[in-house]
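Written out below as structure tokens is the structure these notes cover.
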Amino acid sequence: MNAWLLSIVGVVSLGVLLEILLADGETSKYIKGVFALAVVLILVAPLPKFLNKDFDLNDFFGKEMQTQTTFLNSVNERKNQERENRILTELKKSEIDVQKVRIFYLRGDTDNIDVVKVYVKGDFEKDKIYKVVGDNLACKQDKIKIYNG
């Protein structure tokens, strides 16, 4: 309780000093707004202790964060599947007998392609595959691996 009172006194003192030092203008309005929010947070900080002894912020935010992560992963998977299907379609339009296309990313980041694996059967032209995949994904030839099988 003493620490809370000291923090209130400190914040009020800092507010007075801030009011003296800040010039009037657009920026000072924003700084004062942020400072007012900090004051409110300090004032309500001890409320969870009075209301509930077992209050934990991780319990409050944890499930929502997990849901958002799951959603983002599903969006990235869908994006990856659409890219793979687009490459597969373009290769088939170029009359290349393709079985499957797989795209792998660095650290799961869908903007940094690590390797593109193209599985073909029969005869094929490597240069044609490199061109189609490179043009559609904007990746270098050394990241494209072709497998015949």
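Residues: numbered from 1 along the sequence shown. These values consider heavy atoms only, across backbone and side chains, with no hydrogens, waters or symmetry-generated copies.
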Next on the checklist: Any non-hydrogen side-chain atom of K117 less than 4.5 Å from a side-chain atom of K100?
Outcome noted: no
Checklist entry - Is a salt bridge present between K128 and E95, judged by a nitrogen-to-oxygen distance below 4.0 Å? => result no
Next on the checklist: Working to the nearest 0.5 angstrom, can you tell me the gap between D123 CG and N148 CG?
Outcome noted: 8.0 Å
Next on the checklist: Tell me the closest heavy-atom pair linking C139 and V116, and the distance in Å.
Outcome noted: SG-CG2, 4.2 Å
Checklist entry - Can you tell me how far the CG atom of D97 sits from the CD atom of Q99, to the nearest 0.5 Å? => result 7.5 Å
Next on the checklist: Tell me whether the count of non-hydrogen atoms from other residues, nucleotides or ligands lying under 6.0 Å of NZ in K121 goes above 12.
Outcome noted: no
Checklist entry - I129 and V115: same hydrophobic cluster, using ILVMFWY side-chain contacts below 4.5 Å? => result no
Checklist entry - Roughly how far, to the nearest 0.5 Å, is the CG atom of L37 from the CZ atom of F35? => result 11.0 Å
Next on the checklist: Taking ring pair (Phe, Tyr, Trp, His ring centres under 6.0 Å) as the definition, give me every residue that meets it alongside Y119, ordered by chain and number, with sequence neighbours left out.
Outcome noted: Y147
Checklist entry - Does some side-chain heavy atom of Y105 sit less than 4.5 Å from a side-chain heavy atom of D114? => result no
Checklist entry - Does F104 share a hydrophobic cluster with I87, counting links as ILVMFWY side-chain heavy atoms below 4.5 Å and allowing steps through other members? => result no
Next on the checklist: Could you check whether K93 pairs with E90 (Lys NZ or Arg NE/NH1/NH2 to Asp/Glu carboxylate O, under 4.0 Å)?
Outcome noted: yes
Checklist entry - Got R83 and L137 here, is their nearest side-chain heavy-atom distance under 4.5 Å? => result yes
Checklist entry - Should the heavy atoms of other residues, nucleotides or ligands under 6.0 Å from CG of D142 be counted, would the total exceed 12? => result yes
Next on the checklist: Nearest 0.5 Å, please: how far is OH in Y130 from CG in D135?
Outcome noted: 14.5 Å
Next on the checklist: Taking L14 as the starting point, is it possible to reach V12 by hopping between hydrophobic residues whose side chains are less than 4.5 Å apart?
Outcome noted: yes
Checklist entry - Looking at NZ of K143 and CG of L106, how far apart are the two atoms once the value is rounded to the nearest 0.5 Å? => result 5.5 Å
Checklist entry - How many angstroms lie between atom CG of L88 and atom CD of Q81, to the nearest 0.5 angstrom? => result 12.5 Å
Checklist outcome for this item: Given the options V118, V98, I146, L91, F124 meets side-chain contact (heavy atoms from CB on, under 4.5 Å) only with I146
Next on the checklist: Would a single hydrophobic cluster contain both L5 and V11, if residues Ile, Leu, Val, Met, Phe, Trp and Tyr are joined by side-chain heavy-atom contacts under 4.5 Å?
Outcome noted: yes
Checklist entry - Taking side chain as C-beta onward, heavy atoms only, is N136 less than 4.5 Å from R86? => result yes
